[in-house]
Protein chains: 2
Amino acid sequence: MSQRDFVSAEEVAQRAGVSRSAVSRAFTPGASVSEATRQKVLRAAEELGYQVNHLARGLMRNESGIVCLIVSDVATPYRSALLRELTQQLQIAGKVAMLVNTDRSDGSVDRALQQAIRYRADASIILSGLPDKSITQLCLRNGQRLVLINRDDDQPGPLRINLDDHEAAGRVVTAFVRAGCTRLAFANSEAGTPSLMAREAGFIAAAKAHGLDVIVERHGWTGYEAGKVVAQRLLTRRERPDAVFCATDLLACGLMDAARHQFSLSIPDQLCVIGFDDIEQASWSSYDLTTFAQPVVSIARQAVTWLVDSPSPNRLDGHSLKLHAELVWRGSVRGG
Amino acid sequence: MSQRDFVSAEEVAQRAGVSRSAVSRAFTPGASVSEATRQKVLRAAEELGYQVNHLARGLMRNESGIVCLIVSDVATPYRSALLRELTQQLQIAGKVAMLVNTDRSDGSVDRALQQAIRYRADASIILSGLPDKSITQLCLRNGQRLVLINRDDDQPGPLRINLDDHEAAGRVVTAFVRAGCTRLAFANSEAGTPSLMAREAGFIAAAKAHGLDVIVERHGWTGYEAGKVVAQRLLTRRERPDAVFCATDLLACGLMDAARHQFSLSIPDQLCVIGFDDIEQASWSSYDLTTFAQPVVSIARQAVTWLVDSPSPNRLDGHSLKLHAELVWRGSVRGG
DNA sequence: TTGTATGCGTTATCAG
DNA sequence: CTGATAACGCATACAA
């Protein structure tokens with residue numbers, strides 16, 4: 001171990017010729033310090049390279065300033081975009097983000113939340129998976145705020161931010177019908193998360209209202225490769241679909257690539273495609289994909305402001321938020 | 001503020017019928033506790049939902065377990081892939097990642113490092129920007145380890161992990177020449193980071209050795225759009241290049257899309273392209289891009305093991321590491 | 001092996 | 001407005 005010799009408030013106090021409480025006050029916004037001593041302290045701190053020890057401060061204040069971000073598949077376009085927005089907003093709000101990676105293994109999210117508790121995180125934002133009810137209660141009981149994004153859980157306490165997946169899927173049918181499509185398909189993964197399944201259910205329901213059937217194919221874990229596999233299955237059918245709604249842009253990219261390069265299909269002439277997420281690649285001219293935009297900035301803002309404003313001192317009941325997914329028209333559907 | 005009422009070691013001790021130090025020891029690997037009391041403590045802790053307070057532990061041990069990741073453009077494919085790998089490895093090593101977003105503004109990295117100091121991070125890993133020398137010294141002086149990835153700085157102290165950019169660029173020329181290309185071009189951004197410039201310099205030098213000139217175009221900040229702009233400039237020249245080395249895969253994607261969809265060029269028949277990073281999209285069949293793989297896993301492993309193994313108790317001189325970037329052959333160059 | 005006492009760097013409380 | 005003092009929750013040196 002190295003010479004851990006961080007400079008403490010004590011040393012700053014000595015150099016500035018004041019008491020250590022004066023130093024503390026100088027770094028506490030809204031504390032009662034005369035401007036004169038404040039300046040003395042600040043200068044001494046500057047010279048010594050003093051930085052307030054947030055570990056100790058958190059211990060005292062019962063407020064660490066840490067917000068834990070629990071997420072799997074960080075390297076995925078949509079996830080990383082949301083991550084960027086969240087960290088950004090948190091920083092602006094004076095919080096700091098702690099990133100915990102989860103995998104699909106059992107209890108992975110629970111372990112992440114334990115880590116959050118150990119560091120006395122003021123809040124945890126869960127982007128993937130779903131925690132066990134008991135540990136959720138543990139967090140809540142300890143005054144740790146919880147935000148579930150696109151998790152569609154119904155336990156009370158956490159703030160739950162969701163999209164209007166079901167309704168959005170309905171608008172896809174309208175678009176496809178207007179484009180003259182009649183053989184509809186839905187491309188999904190086997191992840192089976194609530195939002196994914198809501199898109200599927202909404203699509204099927206709306207199609208049925210139009211008197212149309214939907215071919216559903218599911219494969220893998222919502223990635224590009226899965227899209228290729230699904231395309232393989234869908235496009236080799238005797239009754240080849242002329243419109244595919246993909247649960248995810250990543251799936252759509254894989255499907256489009258397979259459709260074009262393996263099946264020599266022209267999009268949107270022979271096949272219309274709509275995705276979901278509006279990842280950056282959706283706007284690349286190789287895809288030019290019509291898709292739903294995840295409102296990442298407003299998701300992040302809602303989450304962060306709720307965390308910071310700590311509105312309910314006694315009863316910390318989060319509410320459920322349903323955000324709107326806007327359809328971004330591009331070239332993968334006829335007659336936009 | 002809510003009822004912050006985390007359960008403490010004291011309560012666990014009472015319930016288990018032991019002293020509070022026994023509790024502490026039960027949670028300290030390698031402490032001298034009888035298996036009997038350890039079990040008693042663990043059970044009591046389980047029942048109460050006790051989690052060690054890492055804020056307090058960090059205060060005592062002078063070791064927070066926090067590693068600060070300083071990065072801009074988190075949502076970028078290469079960055080997010082590296083981020084995923086780093087967080088993963090850190091977790092395995094028993095550390096936790098603190099994510100600080102930087103922008104291109106002045107002093108952004110310095111502020112991030114201050115945050116790292118405030119939370120007494122055991123180490124900071126810098127993926128973007130370059131800190132001021134004074135603050136670097138401050139970190140080092142405080143025993144905070146520093147890792148610079150692809151920053152190519154020469155100040156002693158931090159561990160510096162770099163790629164063999166210059167040599168790699170040389171191999172590009174070989175590949176292009178073998179493909180029968182004669183009009184070489186280099187697509188770069190205006191970011192001007194050392195690794196980007198090394199690729200440019202290495203390419204030009206190797207080309208000159210073959211008696212070939214290089215057309216260089218730079219624009220924007222290393223993204224897809226910048227690639228499109230550069231393509232515009234490059235492909236409207238009277239002497240149109242027949243081979244382009246792009247400093248980044250993102251640039252390459254933009255350039256390829258422009259080449260194909262705006263200039264109707266066939267790749268690799270009329271234009272050979274090589275990129276750098278091997279982002280996921282490079283393998284998508286719309287691009288099928290020959291490129292250099294960033295050894296993200298070994299970068300992460302090198303960084304993390306160095307941080308954890310704390311090899312030099314007194315003199316914490318990091319060394320410089322030069323990793324190899326392997327060329328991944330795909331279809332964007334003739335005669336792979 | 002166990003318990004007791006002390007200190008880590010802060011902030012909050014209370015006199016002055 | 002300022003300084004002394006008591007927590008915060010934990011780990012460790014020391015004594016038993």
Side-chain angles (χ1 to χ4, degrees), chain A residues 1 3-42 44-45 48-66 117-122 142-143, chain B residues 1 3-42 44-45 48-66 117-122 142-143:
Chain A
M1 201 50 34
Q3 313 276 42
R4 284 309 197 89
D5 204 18
F6 287 90
V7 30
S8 72
E10 177 67 50
E11 307 176 48
V12 177
Q14 285 185 3
R15 185 176 187 103
V18 296
S19 74
R20 74 187 100 177
S21 0
V23 177
S24 178
R25 281 191 272 260
F27 284 96
T28 302
S32 74
V33 202
S34 74
E35 190 56 27
T37 44
R38 219 182 75 89
Q39 287 304 332
K40 268 195 299 184
V41 171
L42 257 42
L48 265 49
Y50 170 75
Q51 296 290 135
V52 177
N53 187 335
H54 274 53
L55 266 42
R57 166 180 283 188
L59 199 55
M60 263 307 296
R61 289 202 182 154
N62 249 341
E63 190 177 354
S64 61
I66 296 175
I117 293 181
R118 284 197 274 266
Y119 279 95
R120 297 304 187 258
D122 297 336
N142 287 335
Chain B
M1 200 51 33
Q3 311 275 39
R4 282 314 196 84
D5 203 20
F6 287 92
V7 31
S8 71
E10 177 68 50
E11 307 176 50
V12 178
Q14 285 185 3
R15 183 174 187 105
V18 297
S19 74
R20 76 186 95 179
S21 17
V23 178
S24 180
R25 281 191 271 260
F27 284 96
T28 302
S32 74
V33 202
S34 73
E35 190 55 26
T37 45
R38 218 182 75 90
Q39 287 304 330
K40 269 197 297 186
V41 169
L42 256 43
L48 264 51
Y50 169 75
Q51 296 290 137
V52 177
N53 186 335
H54 274 54
L55 266 43
R57 166 178 282 187
L59 200 54
M60 265 303 299
R61 290 203 182 152
N62 248 340
E63 188 177 356
S64 62
I66 296 174
I117 293 181
R118 283 196 276 266
Y119 279 95
R120 299 304 189 256
D122 298 335
N142 287 335

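Below, chains carry the letters A, B, ... as their sequence lines are ordered, and counting in each starts from 1. Values below: all heavy atoms of this structure, side chains included; hydrogens, waters and symmetry mates excluded.
Atom CZ in B/Arg25 sits about 10 Å away from atom P in C/dT1, given to the nearest Å. Between A/Leu59 atom CG and C/dG7 atom C1' there is a gap of 13 Å when expressed in whole angstrom units. In this structure, B/Asn62 atom CG and C/dG7 atom P are separated by 16 Å, rounded to whole Å. The CD atom of B/Glu10 sits 14 Å away from the P atom of D/dA11 (whole-angstrom rounding). Put simply, CD1 on A/Ile117 is 13 Å from P on D/dC10, counting in whole angstrom units. Rounded to an integer number of Å, the gap from A/Phe27 CZ to C/dT11 P is 9 Å. For the pair A/Arg120 CZ and C/dG9 P, the interatomic distance rounds to 20 Å; values are reported in whole Å. For the pair B/Met60 CE and D/dA7 P, the interatomic distance rounds to 20 Å; values are reported in whole Å.
Nearest heavy atom pair, residue B/Glu11 against residue B/Phe6, reads OE2-O, 3.8 Å.
Considering only side-chain N and O atoms, B/Thr37 lies under 4.0 angstrom from the phosphate OP1 or OP2 of C/dT2. Residue A/Tyr50 has a polar side-chain atom (N or O) positioned under 4.0 Å from OP1 or OP2 of C/dT10. Between A/Ser24 and C/dG9, a side-chain N or O to OP1/OP2 separation shorter than 4.0 Å is absent.
Among the heavy atoms of the strands lying under 4.0 Å from A/Ser21 is at least one base atom, whether or not backbone atoms are also near. Residue B/Val23 is classed as having no contact, given no heavy-atom separation below 4.0 Å to the nucleic acid. Note on A/Ser8: only backbone sugar-phosphate atoms sit closer than 4.0 angstrom, heavy atoms only; bases stay farther off. Within 4.0 Å of A/Ser32, counting heavy atoms only, lies at least one base atom of the nucleic acid.
Taking a 6.0 Å sphere around CZ of B/Arg118, one finds it holds more than 12 heavy atoms contributed by other residues, nucleotides or ligands.
Distance CD/A/Glu63 to NE2/A/His54: 10.0 Å, rounded to 0.5 Å. Of the inter-residue distances, the one linking B/Asp122 atom CG with B/Arg61 atom CZ reads 11.0 Å to the nearest 0.5 angstrom. B/Arg25 contributes atom CZ, which lies 13.5 Å from atom CZ of B/Arg38 (distance to the nearest 0.5 angstrom).
Taking every side-chain heavy atom of A/Ser34 into account, D/dT2 is the closest of D/dG3, C/dT10, D/dT2. Between D/dC10, D/dC8, D/dT2, one nucleotide has an atom nearer to the side chain of A/Val33 than all others, and that is D/dT2.
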